[in-house]
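Along the sequence shown, residues carry numbers from 1.
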Amino acid sequence: MKRPASRPSRTGLFLKRQKRLLRPVIGLALLACAGAGVYLAVPLPLLEQQIAPLRDKVLGTSALRVTSIRIEGANLTSDGAIRAALNIAVGDPVLNFNVSRARENLNALPFIDHVSVERHLSGEIDVHITERPPYAVWQHQGHFILIDRQGQKVPDQGANDKDATAFAKLPLVVGDGANENAAALIDVLAQEPEVKSRVAAAVRVSDRRWNISLKDGATVLLPEGEEAPAIHRLARINASTQLLDRPVVLIDMRLPDRLTIRERPPEPAPASTPQAGDTAKAAPPAHNTPGKDTSRIPHHAQSKDTPKTPTEESRDE
């Protein structure tokens, strides 16, 4: 007596029922393998040449081309440098624009702190730039370096376009530690425009105090840690006496209750050639005491010290 056959499993019953559906799937798989073989067999340049017309037709629609490039926030960075970093122009296919690469290129440019780049399928590209502008020029060990408000170095793009203009207009600070202490002094000078307009450079002395070099060659010695009161005092004195318009060589303001001024010695008068038969005798020349203070300022600003010699006045106490 034969034993009854065991019943088929659920999987077996499912495969038998779906046998008709599996045949088309197997056919599609074989067709895909054949297509892959053709793709690998045909040279890639020939394949690209065949699909190029279709690609150009799709990308050639006006809706998929760059229609405008808007750049905001660029005050120190030249327009040419920005467009070179974007590597895209109006009329180019917008889908060819690589946003990530453009952002990296822009962030690598001088003066730029961070940037935002947006691409729209309508054809618009928006670039928002936040710059880290230089605050001053620092002369250090024979080199001129752009620095920001914190005294950190800001790289420049060379002497051209907007960068050169910004470089020429920035205040100049000189000496060790001048970069880290420049912001406080420049802010005070900005409060006194008449004094600031005459400043050529600010020199840091022993990283303790400042000397101000004026455009006419005069030097102002400021007290250590009391630069702001001294600059305001200098502005008041100049407003009442036009001190900075006089032929001054040195103004020593290191002492709060004294002001020492040294003016340029008068130029000697040209010697006249004596004429024949002239019996008039020239008067003997006046003698000037070297280093003598010949200035006249109001009593409230006049020095109480005996004027120093040039060597003594230029020495940093």
Who passes side-chain contact (heavy atoms from CB on, under 4.5 Å) against R119, sequence neighbours left out?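 If we apply the side-chain contact (heavy atoms from CB on, under 4.5 Å) test to R119, skipping adjacent residues, the hits are V94, F97, V99.
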Start with the C-alpha gap between D126 and H120, add the side-chain angles, then the distance that decides, and say whether side chain to side chain contact (heavy atoms under 4.5 Å, CB included) holds. CA-CA 8 Å; D126 295 331; H120 306 280; 3.2 Å; yes
Scan for side-chain hydrogen bond (donor to acceptor under 3.5 Å, both in side chains) pairs involving residues 100-113, sequence neighbours excluded, and state none if there are none. none
Could you check I69, N98, V66 and say which one makes a side chain to side chain contact (heavy atoms under 4.5 Å, CB included) with L86?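 Per the side chain to side chain contact (heavy atoms under 4.5 Å, CB included) rule, the option paired with L86 is I69, out of I69, N98, V66.
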Donor-acceptor pair, distance only, cut-off 3.5 Å: does the side chain of [X] make one with the backbone of [Y]?
| X | Y | value |
| --- | --- | --- |
| N87 | A84 | no |
| Q139 | G175 | no |
| K196 | V188 | no |
| T77 | A74 | no |
| R209 | L222 | yes |

Distance only, no hydrogens: is a donor on one side chain within 3.5 Å (strictly under) of an acceptor on the other, for E124 and T67?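 Looking only at side-chain atoms, T67 and E124 do not form any donor-acceptor pair under 3.5 Å.
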Say you draw a straight line from [atom1] of [X] to [atom2] of [Y]; how long is it, rounded to the nearest 0.5 Å?
| X | Y | atom1 | atom2 | value |
| --- | --- | --- | --- | --- |
| E263 | L243 | CD | CG | 8.0 Å |
| R132 | Q150 | CZ | CD | 8.5 Å |
| H140 | I147 | NE2 | CD1 | 11.0 Å |

Sub-4.5 Å side-chain heavy-atom contact between [X] and [Y]:
| X | Y | result |
| --- | --- | --- |
| F144 | L172 | yes |
| V173 | N179 | no |
| L250 | I261 | no |
| R233 | N238 | no |
| I251 | L221 | no |
| V174 | W138 | no |
| I112 | T130 | no |
| I129 | I82 | yes |

So which atom in [X] and which in [Y] form the shortest heavy-atom distance, rounded to 0.1 Å?
| X | Y | value |
| --- | --- | --- |
| I186 | A136 | CD1-CB, 3.9 Å |
| E192 | A235 | OE1-CB, 3.2 Å |
| K215 | V199 | CE-O, 3.5 Å |
| A85 | L106 | CB-CD2, 3.6 Å |
| P93 | R65 | CD-NH1, 3.4 Å |

ILVMFWY network linking [X] to [Y], side-chain heavy atoms under 4.5 angstrom:
| X | Y | result |
| --- | --- | --- |
| W210 | L244 | yes |
| Y135 | V154 | no |
| V203 | L170 | yes |

Walk me through whether N75 and F111 qualify under side chain to side chain contact (heavy atoms under 4.5 Å, CB included). CA-CA 9 Å; N75 297 315; F111 302 140; over 6 Å; no
Which residues share a salt bridge (charged side-chain N to carboxylate O under 4.0 Å, His left out) with R204, sequence neighbours left out: D207
Any salt bridge between D245 and R198, counting N to O under 4.0 Å?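 Counted as a salt bridge, because a side-chain N and a carboxylate O are separated by less than 4.0 Å.
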Salt-bridge test for R246 and D216: reply yes if a basic N is under 4.0 Å from a carboxylate O, no otherwise. no
Would you check, one step at a time, whether the test side chain to side chain contact (heavy atoms under 4.5 Å, CB included) holds for I125 with I88? CA-CA 10 Å; I125 294 178; I88 197 72; 3.9 Å; yes
Test side chain to side chain contact (heavy atoms under 4.5 Å, CB included) applied to L214 and V248, step by step: CA-CA 10 Å; L214 304 183; V248 174; over 6 Å; no
